[in-house]
**Student:** 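One structure, as structure tokens, below. Some questions next.
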Amino acid sequence: MKKFLILASLALISSAVKAQTYLNPQAPIEERVKDALKRMTTEEKIKILHAQSKFTSAGVPRLGIRQLNMDDGPHGVREELEWNTWSPAKWTNDYIVAFPSLTCLAATWNRDLSNAYGNAVSEEFAFRGKDIMLGPGVNIQRTPMNGRAFEYMGEDPYLAGEIVVPYIKAAQKNGIACCLKHFVLNDQEIDRFSVNVNVSERALHEIYLYPFKQAVERAHVWTIMGSYNLWEGDHCCHNDKLINGILKKDWNWDGALVSDWGGTTNTMQAIYGGLDIEMGTYTDGKLRESAFGYDDYYLAKPFRELVNDGKVPMSVLDEKAARVLRTIFRTAMNPNKVIGNQCSEAHYDVCRQIAEEGIVLLKNESSLLPLELSKYKKILVVGENATRSLTQGGGSSELKTLRDISPLEALRTQLSNINSQLSIDYAPGYASGRAMYDHEDKVDPAKQEALKQEALEKAKNADLIIYIGGLNKNHKQDCENGDRESYDLSFGQNELISALAEFDAPMIVTNFGGNPYHMPWLNKVEGLLHCWYLGSESGTALANVLTGKVNPSGKLPVTFAKNYEDYPYVKYGQEAYPGITGVETPKNSAGEMARRQVYYKEDIFVGYRGFEKNKTKPLFPFGFGLSYTTFKYSKPAITKDAEGWKLTIDVTNTGTREGKETVQLYVGQAKVAATRPIKELKNFTKLSLKPGETKTATFRITEKDLMTWDEQTHNWKYEPTKFMAYIGASSNEIKSKISF
Ligand code: BGC
């Protein structure tokens with residue numbers, strides 16, 4: 001009897017649970033959403049639309065619906081912060097792997113590595129109990145001054161789109177939502193909260209929206225972060241035309257739009273401008289952080305009252321709540337979400353491989369590299385970045401690492417393993433102060449001079465100088481909420497490098513940074529590498545490339561100009577960057593007017609598109625990067641079939657080392673027109689070739705690839721004409737062209 005009763009009650013419970021479709025992991029997500037929505041009160045629906053702490057938004061505890069745990073992003077999981085403040089929680093179990101910066105990932109031109117990155121980093125997010133990773137970012141590197149360019153994927157929308165798609169797919173396969181940022185036109189940090197971007201419809205679609213569209217259509221990204229800046233007078237976190245119009249309607253996106261932290265400014269706009277989850281709002285700006293009332297958020301009490309008073313229909317609230325529930329079921333309550341792991345050797349391997357493939361060899365005179373270590377007795381390493389942790393600073397992407405191998409540490413180990421007689425000395429040469437957000441260190445000039453003299457003194461005895469400097473993540477270097485103030489390297493580095501280059505010893509410069517910079521000393525140094533930010537395995541990767549254990553194969557995702565004035569927007573003055581203040585414009589529906597207006601006057605001619613149009617020779621072109629081996633390109637062949645064109649070209653490794661070559665396909669109109677870039681990247685493939693080996697690069701081109709944005713019809717348009725395909729090793733090194 002007792003057994004019968006137990007069985008009967010179990011059956012009852014299970015039928016009740018079955019009826020709870022929203023809890024059934026096997027049920028289709030849309031049914032779970034509908035069922036959950038039916039059961040929720042107005043209050044509960046409102047609660048899931050905004051933060052309940054710095055990095056979480058509420059679930060529905062009564063119904064067993066989980067909250068969303070979010071964290072930065074995009075290069076690893078940020079350290080745990082206190083529930084309610086920006087202060088570290090001081091946990092001891094939140095040390096993670098720092099992956100290379102996204103600019104470095106883009107420099108690999110390797111879709112497989114992007115997939116590996118997305119997989120590994122999301123496993124760390126999963127293990128740390130997160131549901132949403134705040135990243136990756138695909139804003140366009142329009143200016144080398146942008147303090148956050150290192151978090152993005154370069155200047156070309158096609159490259160950024162190709163690299164971001166596998167990253168998102170891999171992360172979301174693990175049950176971690178990517179929160180793609182910052183939608184859109186967040187291309188400078190100066191007045192980032194109050195700059196209104198004026199851009200042509202065509203440039204908006206062809207350049208700035210393009211990578212976001214790829215992420216939506218091909219990777220089905222689950223969440224997107226609105227940006228702080230304004231477009232057409234409205235903040236992008238609740239910009240009706242952008243979010244409801246383009247993202248949700250035209251692109252048919254079913255995800256949740258998350259505000260940037262503090263990017264929400266108005267209740268009615270938040271309600272009707274497409275925002276779904278409001279994060280980081282500073283209430284009325286007068287309260288202390290710890291006294292925040294989350295119920296005072298724009299999408300909290302004010303929204304609830306409007307719904308309760310019948311002034312906003314329930315359907316508007318339901319639409320937002322459905323998007324949030326969908327996100328919860330896709331992540332926090334996704335039966336396939338992985339457990340993940342943290343700081344595994346597999347993750348360090350991924351980190352190292354990306355770092356190695358992202359390093360770009362820019363100059364290698366007399367084949368100085370890879371280093372022939374038997375030739376040297378005394379190597380001098382100069383530069384602060386040889387020992388500085390570059391995972392610190394930079395703003396929200398700062399990381400707390402378990403392992404952070406510095407270049408000096410790795411060089412000391414690796415070089416002396418190869419030649420035990422070698423002496424390796426070090427001099428910092430300059431100092432830049434601590435990496436602190438929104439904080440400028442003033443470095444004492446006397447101290448700076450002493451450091452320089454020490455380096456020069458030591459250089460007298462060296463038979464090889466390896467300089468390791470560049471930018472860092474201090475405020476107004478590569479750091480959030482401030483742009484760089486000069487195209488020059490700071491802290492007297494240009495003078496220091498020039499002085500060191502006067503010695504007889506050959507010199508290799510290895511600079512870190514997310515942005516290009518001025519190199520007045522270029523002709524005086526024999527070797528030059530650009531390292532972006534390389535993460536936990538920074539030193540190992542750099543040493544592997546210098547010693548030749550790894551053959552460099554990175555290619556620039558951004559044009560390096562000789563002079564700052566060469567960037568396409570600069571000739572248009574302050575209006576084009578960083579914008580101007582004091583322009584009277586009509587107020588938006590919330591009664592606000594942007595403080596600053598910036599006009600993207602170079603239009604679609606961003607990066608190499610502009611350099612080519614203006615016939616400006618870059619110092620190092622987009623797509624450029626050397627190898628320790630050489631490659632020969634055959635003549636291309638092109639055929640047409642029902643789907644479009646197929647272009648093939650053979651590439652042979654003609655050197656003595658195994659190496660990888662990124663074969664780049666650019667397309668332009670055969671008859672160059674002023675309204676179209678001379679050529680644009682349309683495809684690429686990275687081939688791995690043994691000495692003497694030949695492989696075929698195959699590219700498909702469709703009419704869709706050749707479309708431009710038509711401002712008359714507000715749509716993409718294909719205009720049949722004669723096109724030219726350019727196949728090259730960089731945008732400036734075209735090996736052959738063929739018309740079609
Ligand atoms: C940044 C975002 C970041 C957020 C949370 C904001 O200031 O712009 O990229 O995800 O803070 O840290």
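All ligand and atom numbering here is 1-based and tracks the order in the structure. Sequence positions, counted from 1, serve as the residue numbers for this chain. The structure presented is a predicted model; accordingly, all values stated were derived computationally and were not measured.
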**Student:** Check each of Leu134, Leu68, Asn69 against Phe55 using the side-chain contact (heavy atoms from CB on, under 4.5 Å) test, and report the only one that passes.
**Tutor:**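 Checked Leu134, Leu68, Asn69 against Phe55; only one passes side-chain contact (heavy atoms from CB on, under 4.5 Å): Leu134.
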**Student:** If you count every heavy atom of other residues, nucleotides or ligands that lies below 6.0 Å from Lys320 atom NZ, does the total exceed 12?
**Tutor:**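 Atom NZ in Lys320 is packed in, count exceeds 12.
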**Student:** Where on Met279 is there a heavy atom closer than 4.0 Å to ligand 1, on the side chain, on the backbone, on both, or on neither?
**Tutor:**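 The answer is neither.
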**Student:** Under 4.0 Å from any heavy atom of His182, which atoms of ligand 1 are there?
**Tutor:**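 Answer, ordered by atom number: 2 (C), 8 (O), 9 (O).
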**Student:** Which atoms of ligand 1 sit under 4.0 Å from any heavy atom of Arg78?
**Tutor:**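 Heavy-atom distances to Arg78 below 4.0 Å select 12 (O).
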**Student:** Show me which atoms of ligand 1 lie under 4.0 Å from any heavy atom of Phe55.
**Tutor:**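 Here the atoms of ligand 1 in question are 5 (C), 12 (O).
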**Student:** Can you name the atoms of ligand 1, numbered from 1 with element, that are less than 4.0 Å from a heavy atom of Met225?
**Tutor:**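 Counting atoms of ligand 1 from 1, those under 4.0 Å from Met225 are 2 (C), 10 (O).
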**Student:** Check whether any side-chain heavy atom of Arg484 sits under 4.5 Å from a side-chain heavy atom of Pro144, and report yes or no.
**Tutor:**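 Touching, per the 4.5 Å side-chain cut-off.
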**Student:** Ring of Tyr533, cation from Lys473 - is the NZ or CZ under 6.0 Å from the centre and inside 45° of the axis?
**Tutor:**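 Ring-cation test returns yes.
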**Student:** Do Asp187 and Asn146 have side-chain N/O donor and acceptor atoms under 3.5 Å apart?
**Tutor:**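 Side chains of Asp187 and Asn146: no pair found under 3.5 Å.
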**Student:** With heavy atoms of Leu134 as the reference, note each atom of ligand 1 found under 4.0 Å away.
**Tutor:**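 Selected atoms, number and element: 10 (O).
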**Student:** Apply side-chain hydrogen bond (donor to acceptor under 3.5 Å, both in side chains) to Ser227 and Asn186, showing your working.
**Tutor:** CA-CA 6 Å; Ser227 60; Asn186 189 170; 5.0 Å; no
**Student:** Given that the side chain starts at C-beta and the backbone is N, CA, C, O, which of these parts of Met70 lies under 4.0 Å from ligand 1, counting heavy atoms, or is it both or neither?
**Tutor:**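 Within the 4.0 Å criterion, Met70 makes no contact with ligand 1.
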**Student:** Report the residue from Glu123, Glu124, Glu80 that forms a salt bridge (charged side-chain N to carboxylate O under 4.0 Å, His left out) with Lys130.
**Tutor:**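 Exactly one option meets the salt bridge (charged side-chain N to carboxylate O under 4.0 Å, His left out) with Lys130, and it is Glu80.
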**Student:** Ligand 1 and Trp261, any nitrogen or oxygen pair closer than 3.5 angstrom?
**Tutor:**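 Checking ligand 1 against Trp261, no N or O pair falls under 3.5 Å apart.
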**Student:** For ligand 1, which atoms, with element, lie under 4.0 Å from some heavy atom of Arg148?
**Tutor:**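 Within the 4.0 Å cut-off of Arg148, ligand 1 contributes 1 (C), 2 (C), 8 (O), 9 (O).
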**Student:** Taking side chain as C-beta onward, heavy atoms only, is Ile140 less than 4.5 Å from Tyr152?
**Tutor:**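 No; the side chains remain at least 4.5 Å from each other.
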**Student:** Go through ligand 1 atom by atom and flag the ones less than 4.0 Å from a non-hydrogen atom of Lys181.
**Tutor:**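 Answer for ligand 1: 2 (C), 3 (C), 9 (O), 10 (O).
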**Student:** So do Glu480 and Ser396 actually touch side chain to side chain, heavy atoms under 4.5 Å?
**Tutor:**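 Result yes, sub-4.5 Å side-chain heavy-atom pair found.
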**Student:** Below a 4.0 angstrom heavy-atom separation, can you tell me which part of Met133, side chain or backbone, both or neither, approaches ligand 1?
**Tutor:**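 Met133 to ligand 1: no contact under 4.0 Å from either part.
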**Student:** Using a 4.0 Å cut-off to any heavy atom of Arg192, which atoms of ligand 1 qualify?
**Tutor:**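 Listed by number with element, the hits are 7 (O), 8 (O).
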**Student:** Within less than 4.0 angstrom of ligand 1, does Glu151 place any heavy atom?
**Tutor:**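 For ligand 1, residue contact (heavy atoms, under 4.0 Å) with Glu151 is absent.
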**Student:** Relative to ligand 1, is Trp86 under 4.0 angstrom through side chain, backbone, both or neither, heavy atoms considered?
**Tutor:**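 Side chain only.
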